[in-house]
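Bear in mind that the values here come from a model prediction, so they are computed numbers and not experimental data. Every chain is numbered from 1 and lettered A, B, ... according to where its sequence line falls, protein lines coming before strand lines.
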Amino acid sequence: MSRSSVFALVDVNNFYASCEAVFEPRLRGTALCVLSNNDGCVVARSKEAKALGVKMGEPWHLVRARVPGLIHRSSNYELYGDLSACVMRIAAQFAPHVECYSIDECFLELEQLQQIELAGELLELRTRIRAWTGLPVSVGVGATKTLAKLANDIAKGMPAGVFHWESLQGQERDRRLEQIHVSEIWGVGARLARRLTELGIHSASELAAADLARIRQHFSVTLARTAAELRGIACVPLVETVPVRQQVMVSRSFGREVMTYESLLESVLTFLARAAEKLRAEGLAAQQLQLFVSSNAFREDHVQYVGGKAVALPAPSNDTLELASAAAAALRSCYRAGIRYKKAGVLLRGLVVTPLEQGSLLDNLRRRRLRERLNTAVDAVNERYGRDTVRLAASGIDREWGMRRANVSPRYTTRWEEIAIAHAR
DNA sequence: TCTGGGGTCCTAGGACCC
DNA sequence: TCTGGGGTCCTAGGACCC
């Protein structure tokens, strides 16, 4: 990283809510909430819903009772993922170095231009994203990623939607930092904020001024970096290449409680098939499978149970059938009768990059080749005709445990057949 | 009745080795 | 009564992010 570069954080405003409004314009200007799986919690809110006091993560059944007149949509990740990719592609046209940080945010590393010139570039970026995708973005600029984040918060409140931290003069900058509570800083959550305030550090300006060795000693190297970044010392580099992931997890809460072993097995095998598909899509194989099941922690009147089992695989695998056998064995060892299960999940770890030829001595090479071809064919069919078109019989037909998603929008950009639904609405 | 899902990094402590 | 030191690897748990 050269001294003459700056970071810009491009962030889509109210991302999921904005995606819904792109294809359903009558939603613009309404108090809209997008809900998590099972329509459980609010995970995104339009500006108008925020103004009505709807909080991130609030249970939907409480919110809808408290705040009349809210509109809601179930989450539609296929749609959001596709629009996200469009935004990232456009942003990449404006900078040589880009880090896709989350589904709705990316960091750019830019040459340190004259501020006027830079502002012009970023306004153009914002206009182009708006014109090509319909989505509103805000852009914050700073000498470090942490400052770019803070600048982005300020940009959200400005008509132009672009804000450069360095545009503040020395005194004004200090005054801003004094007004920012530590809990608003990137990397400081509720716990750290509480511990910091106990030590008398309340504002961003106090954290920036704190002794780094003391922070390092009381907390961690991560928070010491954050403090340094607030001073304008860049410690958190841009991550351009997506690192090989370390684990794949697929877990869900059920639409309703499940008691039978058969239903629980259906859910576990469904999650497992999805996880194996993710492994294959990324050219990975797992050495360890971990399974977990749990009862509904919110029901104090029920017997609570959290069970889990880790299984080491004889050789790294991404074969659905082989992993399914391991998952079924794991479930047999942690299933308890009489429990009302609410959630289950599969975690694949010890990931290695395929292809791999070592295998175990007992492995039959020919059989494995056939399995590879089978998995490839299944993935191709499911890609083309929709998830779970071909699936394990043991993963269920009726799926009484399935998710509730009462109000999901069409996948406008990735499914031809759903455009007709959109038209009929 | 209804309360999400999927990740990463850091640290402390135990096991083990020489 | 006294009871090494230093290194690595692994795991669990805590904290954070969106």
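- Comparing dC16(B) with dG4(C), their C1' atoms are spaced 16 Å from each other, to the whole Å.
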Evaluation steps, side-chain hydrogen bond (donor to acceptor under 3.5 Å, both in side chains), between Glu105(A) and Ser102(A):
CA-CA 5 Å; Glu105(A) 288 168 81; Ser102(A) 75; 3.1 Å; yes
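- Of the N and O atoms on the side chains of Ser74(A) and Asp39(A), at least one donor lies less than 3.5 Å from an acceptor on the other residue.
- Leu62(A) comes within 4.0 angstrom of nothing in the nucleic acid, heavy atoms only.
- When heavy atoms are screened at a 4.0 angstrom cut-off, Arg245(A) is found touching the sugar-phosphate backbone but no base atom.
- Residue Arg405(A) contributes atom CZ, which lies 17 Å from atom C1' of dC2(B) at whole-angstrom precision.
- Residues Leu122(A) and Leu110(A) are in side-chain contact: their nearest non-hydrogen atoms beyond the backbone lie under 4.5 Å apart.
- In this structure, Gln246(A) places its CD atom 13 Å from P of dT11(C), rounding to the nearest Å.
- Atoms CD (Glu229(A)) and P (dC16(C)) sit 17 Å apart, rounded to a whole Å.
- Taking atom CZ of residue Arg340(A) and atom P of nucleotide dC2(B), one finds them 10 Å apart after rounding to whole Å.
- Here Asp388(A) pairs with Arg399(A) in a salt bridge; the nearest charged N to carboxylate O distance falls below 4.0 Å.
- Protein atom NZ of Lys342(A) is 10 Å distant from nucleotide atom C1' of dT1(B), rounded to whole Å.
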Quick one: side chains of residues 184-194 of chain A, donor-acceptor pairs under 3.5 Å with protein atoms, not counting sequence neighbours, listed by atom name and distance.
| residue | atom | partner | partner atom | Å |
| --- | --- | --- | --- | --- |
| Glu184(A) | OE2 | His181(A) | N | 3.1 |
| Trp186(A) | NE1 | Tyr101(A) | OH | 3.1 |

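- Residue Ser253(A) places at least one side-chain N or O closer than 4.0 Å to OP1 or OP2 of dG5(B).
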What dot-bracket string describes DNA chain C from 5' to 3', counting Watson-Crick and G-U wobble pairs whose defining distances are under 3.5 Å, with [ ] for crossing pairs and | for pairs to another strand?
....||||||||||||||
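- Atom NZ in Lys149(A) sits roughly 8 Å away from atom C1' in dC17(C) (whole-Å rounding).
- When each of Arg225(A) and Ser36(A) is assigned the nucleotide of DNA chain B bearing its nearest heavy atom, the one mapping closer to the 5' terminus is Ser36(A).
- Classification of the Phe271(A)-Phe254(A) ring pair by plane angle, with boundaries at 30° and 60°, yields parallel.
- Using a 4.0 Å heavy-atom distance criterion, Arg195(A) is classed as making no nucleic acid contact.
- Counting only distance, with no hydrogens or angles, the side chain of Glu58(A) and the backbone of Lys55(A) share a donor-acceptor pair below 3.5 Å.
- Using a 4.0 Å heavy-atom criterion, one finds that Asp39(A) contacts no nucleic acid atom at all.
- To the nearest angstrom, P of dG7(B) lies 15 Å from OH of Tyr101(A).
- Atom CD1 in Ile185(A) sits roughly 13 Å away from atom P in dC18(C) (whole-Å rounding).
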